[in-house]
Number of protein chains: 4
Amino acid sequence: MSPRPDVSEERKQQILEAAIAVFARLGFHASRMDDIATQAGLSKGALYLYYKNKDALIVALLKYFFTQEMKHLRAFVEANRDEAVAEQLLLLTRQFSATMQSMIDLMPISFEFYALAGRDGEIRQFLQEYFQEYRRDLARLIERGIERGEFQPVDAQATAVTIAALYEGLALLHFVDMQAFQWAAQAETSIQLLLAGLRPIPLHK
Amino acid sequence: MSPRPDVSEERKQQILEAAIAVFARLGFHASRMDDIATQAGLSKGALYLYYKNKDALIVALLKYFFTQEMKHLRAFVEANRDEAVAEQLLLLTRQFSATMQSMIDLMPISFEFYALAGRDGEIRQFLQEYFQEYRRDLARLIERGIERGEFQPVDAQATAVTIAALYEGLALLHFVDMQAFQWAAQAETSIQLLLAGLRPIPLHK
Amino acid sequence: MSPRPDVSEERKQQILEAAIAVFARLGFHASRMDDIATQAGLSKGALYLYYKNKDALIVALLKYFFTQEMKHLRAFVEANRDEAVAEQLLLLTRQFSATMQSMIDLMPISFEFYALAGRDGEIRQFLQEYFQEYRRDLARLIERGIERGEFQPVDAQATAVTIAALYEGLALLHFVDMQAFQWAAQAETSIQLLLAGLRPIPLHK
Amino acid sequence: MSPRPDVSEERKQQILEAAIAVFARLGFHASRMDDIATQAGLSKGALYLYYKNKDALIVALLKYFFTQEMKHLRAFVEANRDEAVAEQLLLLTRQFSATMQSMIDLMPISFEFYALAGRDGEIRQFLQEYFQEYRRDLARLIERGIERGEFQPVDAQATAVTIAALYEGLALLHFVDMQAFQWAAQAETSIQLLLAGLRPIPLHK
DNA sequence: TATGAATGAGATTTCATTCAT
DNA sequence: AATGAATGAAATCTCATTCAT
């Protein structure tokens, strides 16, 4: 419509990606608006044309960050509908492993968000919604497994929470000590342990 | 005996506890040394008599924090040596639940430490040692379970990681959304799911 | 040409001159960065855009101060090459007198630099180079006097040191007690006393 | 009188000497009352029993410092009354050299006092009196030289100022750059140059 | 006398934010 | 739209001085 295409969205994205890089390296507090501007190849003033202030940039980052995550989960669920549920969970775990490997540098950002969630209502609410969706998607999967007779008739909600917790906890432990275990193998072993408890008890050998 | 007893240790403790209260409420960054001084009922200057600077206070807090945790775990393990291992894990989970309930306000501090671990070698190393001990204690428990025939001959290390991850992940999910699930019940259900997979497969009905 | 010309050099100069005024009045220690900012008509923050910290400002001042001095000496030597050497020394002394009169307020700054030289290598080295040049220029003058037969064949180096010391010492005594002697007259008398000893001994009346 | 001898003077001296050591090393500003207390082997509080505050300690030091100097000069003049005046000046110069060698570490203190003299009336007045006495003693010596026919009938005051300036200036130059010249030899050469101009012009070869 | 823990005013320095260009 | 010089509020940290013991 406009003769010049709107560069506004492009700029916002450019700034957001610069912010991710800087925040991951230095943390929210130690990151200067100047650092982000430099990283984005813009001036400090330009940042304020696109984001009201540093906090607004952090919140925008939060949303971008976890929305991406959710998209990945959705895309995966969509793509693997037809597999056996246990198989889907295994594949999901593998994808989670792969994602984690490439996102390890960004994990401090997540922890800062979790810490902020304790003090900032907006951030807390967003994260709550994110995890709600996450659990809901997992719960649906579990329910399908039960319906199909793959799993015992466990509490799907509680099992979804357990799986989500396992993922988050593994990511945390891995982040703190990358030497402690082989990430991909451990994630698979952990989920297998859980699946072992979910499978129906064989009636006879 | 001495005219003035050494108040040094007492003061350090007093300051540390004030710091916990303030850091939990405001976060490391937003907490002013003045806030901590006021909370401790001391002057700002007094803080610097006992801790070199704000960072030293944060590191002291880290150590205090996780050392306490470790003591609790050790005391528990010691006290419940004679129970069946599955029972011990269940009791441990219950204790973890109870501890968590009372520590919920301190969780942002943990997340800040995890975030810091990505950037500060001293903090990272301390947390690594903490989690190493944690995993080792759990692994010993699992091994005993296997020896006693309570559990299948699983990989004790990997199982310990799984349990530790479960605890951390549950704490995280609960912290972000306390409405999402009944904390104590969920922790117990989660560990039961895991135990189900650990138990020997009955040979016949 | 450029929309906004580079004000950087101008600002640095502006700050330096403000610093001279304030340091001379209050001394390095009692001078607040705020005082200097106010004197310069800038904000405190602006000072830090141009000088890393207070010490950097002091060092920049040192260099500015003594470099100016050296320029004056050089310009003088250049302008009076063709005079008789004794006459040049007399003229130099008069110029020194005149300069001193106008610089008397800045002398405490010099003394602070001399005190600092005992503790700060960078400052010491700079002053050493300054005085080396100063002595060298004087020594050349003396040598010329000897060559021309105006002076006895004295040790030019040692004589240069003597003259330099005389200047510094006179400035010191005058600074401490301005009532003690007529500055210009004293400087001239002192140098004449010295010149008297340098002149060749007349062979007969 | 008192059964216990008054330790008050002893303590004041002890503190003063500690202050000299610390001030010489660190300068007035960077020297902490704590440093001085430690150096004196006393507590910080004890300092305040003997000196009102840091400034009072500095002023006491000033007086001690220059009074000692003056005593040395007086003692010397007294001891060498009967020498030829030129010889006395030479001996004085040698003594000055020797003193300087041992006092070099204390020179930054002098420079700080000179800097302070520009801003503090009490310090300025004390230094003025010191230098007045110094010049007066030197002037008397010169006068005696003139009376005895050793020197030409120069202005004794102005000559005294010249000698005092020479001493101060040499000390300054030596302090800033100890490599620049052999201190004792230079002092002697300088005073010889001056004496050369003071001696009566020989009527014939 | 002597101590040294405690104070708190005040200094330097940082950096998010603004705004003239 | 974009810049980057300038601001100034606010934080950390220091240290001369006090005072209960």
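The chains referred to below are lettered A, B, ... by the order of the sequence lines, with proteins before strands, and numbering in each begins at 1.
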For this session: Take D/F111 and C/S110, measure what side-chain contact (heavy atoms from CB on, under 4.5 Å) needs, and give me the verdict at the end.
Result: CA-CA 9 Å; D/F111 291 126; C/S110 292; over 6 Å; no
Exercise. Among E/dT7, F/dT17, F/dA5, which nucleotide sits nearest the side chain of B/A46?
Worked result: E/dT7
Seminar exercise, completed: Result for side-chain hydrogen bond (donor to acceptor under 3.5 Å, both in side chains) between B/Q14 and one of B/E17, B/R11, B/E10 points to B/R11
Problem set entry | All pairs passing side-chain hydrogen bond (donor to acceptor under 3.5 Å, both in side chains) where residues 39-56 of chain B contributes a residue, at least two apart | none
Exercise. Taking for each residue the nucleotide of DNA chain E bearing the nearest heavy atom, is the 5' side occupied by B/S43 or by C/F28?
Worked result: B/S43
Exercise. Where do A/Y64 and A/I20 land on the side-chain contact (heavy atoms from CB on, under 4.5 Å) test, with the steps shown first?
Worked result: CA-CA 10 Å; A/Y64 176 68; A/I20 289 176; 3.5 Å; yes
Exercise. If you take all heavy atoms of B/L127 and B/F113, which pair is closest and at what distance?
Worked result: CD1-O, 3.8 Å
For this session: Name all stems that contain residues of DNA chain F, defined as runs of 3 or more consecutive Watson-Crick or G-U wobble pairs, both distances under 3.5 Å.
Result: E:2-21 with F:2-21
For this session: Would you classify D/T38 as touching base, sugar-phosphate or nothing, given that sugar-phosphate means primed atoms plus P, OP1 and OP2, and contacts are heavy atoms under 4.0 Å?
Result: nothing
Problem set entry | Neighbour count >12 (heavy atoms, 6.0 Å) for atom CD, D/Q13 | yes
Exercise. Are any of A/R32's side-chain N or O atoms less than 4.0 Å away from OP1 or OP2 of E/dA16?
Worked result: yes
Exercise. Would one find more than 12 heavy atoms of other residues, nucleotides or ligands at under 6.0 Å from atom CD of C/Q125?
Worked result: no
Exercise. Nearest-Å distance, CG (C/D35) to P (E/dA11)?
Worked result: 8 Å
Exercise. When the ring planes of D/Y114 and D/F66 are compared, do they come out parallel, tilted or perpendicular, using 30° and 60° as the limits?
Worked result: tilted
Exercise. Looking at F/dT7, does its base get a donor-acceptor pair with the side chain of C/K44 below 3.5 Å?
Worked result: no
For this session: Please work out which residues in residues 48-55 of chain C have a non-hydrogen atom less than 4.0 Å from an atom of DNA chain E and list them by number.
Result: C/Y48, C/N53, C/K54
